[in-house]
Number of protein chains: 2
Amino acid sequence: MTTHHSDLRSMRSTARPTAGGERSDRVLQRDEHLFHEGSRLGQAYLVVAGVLKTYLLYENGEEQVLDFHLPGDVIGLDALTDEPSYCSAMALDTSSVRELELPDPEAALVSGGTDAALVLAGMHRAIRRLSRRLHMASTCTDQRLAGFLLEFAESQGRRGCSQRQLRLPMRRRDLACYLGLATETLSRTFTRLQQQGLIEVDNYDIVLLDQRGLQRVASASPCQTRHH
Amino acid sequence: MTTHHSDLRSMRSTARPTAGGERSDRVLQRDEHLFHEGSRLGQAYLVVAGVLKTYLLYENGEEQVLDFHLPGDVIGLDALTDEPSYCSAMALDTSSVRELELPDPEAALVSGGTDAALVLAGMHRAIRRLSRRLHMASTCTDQRLAGFLLEFAESQGRRGCSQRQLRLPMRRRDLACYLGLATETLSRTFTRLQQQGLIEVDNYDIVLLDQRGLQRVASASPCQTRHH
DNA sequence: CGGTGCGTTGAATACGCTCAATGCGGGTGG
DNA sequence: CCACCCGCATTGAGCGTATTCAACGCACCG
């Protein structure tokens, strides 16, 4: 989970020394990965020396750095959920990390369908979502709105409603604050998508005319903007 | 914690029905708050009808909407950590929510210094940090870099190092990806802050000359940009 | 009928991005 | 030891996009 700037003090108390003394540290060379997105961790890591970054890579090659990790930080709280890691970790310089034994309570807590596991999974999902939105925040407006509409449609689908016809439950101002835009810009973006024949806008009622087209817009690389 | 689009299915299993049958739903009018930032929750809420937003308000009056919550969503997983809620929740329209009893295991799990509580607190912090960065992502470059430098200085302080003289452990490209900028823009921003006498830049070595000035830049309102 | 809230549209500006060139240090090989 | 290259940071010019400020349209309501 990439706990940000956790201090040693708090983790020491949770780290359970391996029977028989200190576990040896693992050394990473510059540009070497500690783990990759999607891998199953099994344990967290304490950064002992050096510096690492956790990051996400997107389809179009863009990279979103999530955090930098300096000595004393802990990486990979992910490991506590039974989900695969949602990000990659790479050493920016020669570094050294120590594996942390996960304390027993979590081991029990994480596996199976315990209540706590559900909560952890929920927070895990929230972090993944926020990371994705952090990246979306530096894309062009069409991309952001298209992405939102698709996601909203999907959530409507999960509720058993139409995935094509949407009724937005929020005012423009709130949606603008959600997407990080000025309301005027949001408005213009709606009409632009409409002019491209991707959606039909009638105030709060939106029809997704071309779902595939929206997908394309939502995941376009930055420079594809200028062809029209 | 604002669990995003958790479905009913998974939460029903964790909700413990109050002894003696259904708890009555609480109805919120449009623009009415369910809870405010900083308040202690004690329980989570299931959205039954209507729509709510969770959001953060910043010093300068800007608002960052974190999420919209539709029927079936759960708000306030925050309640599981013993931290006060880090965001506010407001009804965007007449809405109805149901209080969820927290299952016993968490009650025990959350209180005191259990290991699990540490982990939850860590994830909680991560979510708060990401939310903040999400908002920073739509501010001007000076603000973003100033904010980063101050935060980095503080983290250095916690490690017992100088809070004035920094040695950045990452390349420009990584920092740019972290801040959501082009490396050229980041470079220009460094020199701009230097020209303003706020910092001194020598490759990876940065000196914070005017910490208060940086604070001011970091938390400026959007239109304060154009006075110089 | 005149307010008020909200969404849209228009014009001008500012800001960050792209592409290209330059600077600079640290390697490597002749 | 020097020449050259390579990676990386910086600087410059031009451009595109989002923002700001302003006006207008429209529905709702007193």
Side-chain angles (χ1 to χ4, degrees), chain A residues 30-31 53 60-63 92-94 135-146 167-196 199-206 217 220-228, chain B residues 30-31 53 60-63 92-93 135-146 148 167-196 199-206 217 220-228:
Chain A
R30 170 176 157 166
D31 290 348
K53 70 173 174 185
N60 46 19
E62 290 173 61
E63 174 180 338
L92 296 181
D93 202 352
T94 307
H135 176 250
M136 300 258 312
S138 54
T139 64
C140 80
T141 60
D142 295 36
Q143 234 168 116
R144 277 188 256 183
L145 181 52
R167 157 159 292 241
L168 299 183
M170 72 293 282
R171 297 184 229 327
R172 293 287 191 265
R173 204 193 86 85
D174 288 316
L175 184 51
C177 286
Y178 178 84
L179 296 174
L181 299 175
T183 66
E184 298 97 324
T185 308
L186 175 59
S187 187
R188 277 185 254 271
T189 309
F190 266 119
T191 65
R192 203 178 316 135
L193 291 184
Q194 186 170 37
Q195 284 165 353
Q196 294 172 8
I199 62 177
E200 193 184 306
V201 183
D202 173 26
N203 220 344
Y204 293 106
D205 294 307
I206 314 288
V217 170
S221 36
C223 303
Q224 253 163 286
T225 314
R226 77 182 57 131
H227 60 180
H228 59 265
Chain B
R30 168 176 158 168
D31 290 349
K53 70 172 174 186
N60 46 19
E62 289 173 62
E63 174 179 338
L92 297 181
D93 201 352
H135 176 250
M136 299 257 313
S138 54
T139 64
C140 81
T141 59
D142 295 37
Q143 237 169 112
R144 277 187 256 185
L145 181 53
F148 168 79
R167 156 159 293 242
L168 300 183
M170 72 294 283
R171 300 189 226 335
R172 293 288 190 264
R173 205 194 86 84
D174 288 315
L175 184 50
C177 287
Y178 177 83
L179 296 174
L181 300 175
T183 65
E184 298 96 326
T185 307
L186 175 60
S187 188
R188 277 184 255 271
T189 308
F190 267 120
T191 64
R192 203 178 318 135
L193 290 184
Q194 186 170 38
Q195 284 165 352
Q196 294 172 9
I199 61 176
E200 191 183 308
V201 183
D202 173 26
N203 220 342
Y204 293 104
D205 293 308
I206 314 288
V217 170
S221 39
C223 304
Q224 254 163 287
T225 315
R226 78 182 57 133
H227 60 180
H228 60 265

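Just so you know, these numbers use all the heavy atoms, side chains as well, and skip hydrogens, waters and symmetry mates. Per chain, numbering begins at 1; letters A, B, ... match sequence-line order.
Atoms CZ (R192(A)) and P (dT8(C)) sit 13 Å apart, rounded to a whole Å. One can place CG of N203(B) at 6 Å from P of dT10(D), the figure rounded to the nearest angstrom. One atom, CG of L186(B), and another, P of dA9(D), lie 9 Å apart when rounded to the nearest Å. Look at CG on D202(A): it is 15 Å from C1' on dG25(D), rounded to the nearest Å. Nucleotide dT20(D) holds its C1' atom 14 Å from the CG atom of L181(A), rounded to whole Å. For the pair R188(B) CZ and dA21(C) C1', the interatomic distance rounds to 12 Å; values are reported in whole Å. In this structure, the CD atom of Q143(A) is 13 Å from the C1' atom of dT17(D), given to the nearest Å. Rounded to whole Å, atom C1' of dT10(D) lies 12 Å from atom CD of Q195(B).
T189(B) places a side-chain N or O within donor-acceptor distance of the main-chain N or O of T185(B), the cut-off being under 3.5 Å.
The NZ atom of K53(A) lies 8.0 Å from the CZ atom of R171(B); values are rounded to the nearest 0.5 Å.
Nearest-nucleotide assignment on DNA chain D puts the 5′-proximal partner with R30(A), out of T139(A) and R30(A).
Donor-acceptor pairing under 3.5 Å, judged by distance alone, is absent between the side chain of R171(B) and the base of dT10(D). Side-chain to base pairing of R144(A) with dT17(D): no donor and acceptor N or O lie closer than 3.5 Å to each other.
Listed here is the closest heavy atom pair of M136(B) and T139(B): O-OG1, 2.7 Å. For L179(B) against R144(B), the heavy-atom pair with the smallest separation is O-NH1, 2.7 Å.
Between S187(A) and dT8(C) there is a side-chain N or O to OP1 or OP2 distance below 4.0 Å. For the OP1/OP2 pair of dT8(C) and a distance below 4.0 Å, the side-chain nitrogens and oxygens of R172(A) include at least one atom meeting the criterion. For Y204(B), a side-chain nitrogen or oxygen approaches OP1 or OP2 of dA9(D) to under 4.0 Å.
Closest approach to the E184(A) side chain among dT18(C), dT11(D), dA22(D) is made by dA22(D) (side chain taken as heavy atoms from C-beta onward). Counting only heavy atoms from C-beta on, T185(A) has its side chain closest to dT19(D) among dT19(D), dC21(D), dG16(C).
Ionic pairing of R30(A) and D93(A) is not present here: no N-O contact between side-chain nitrogen and carboxylate oxygen is shorter than 4.0 angstrom.
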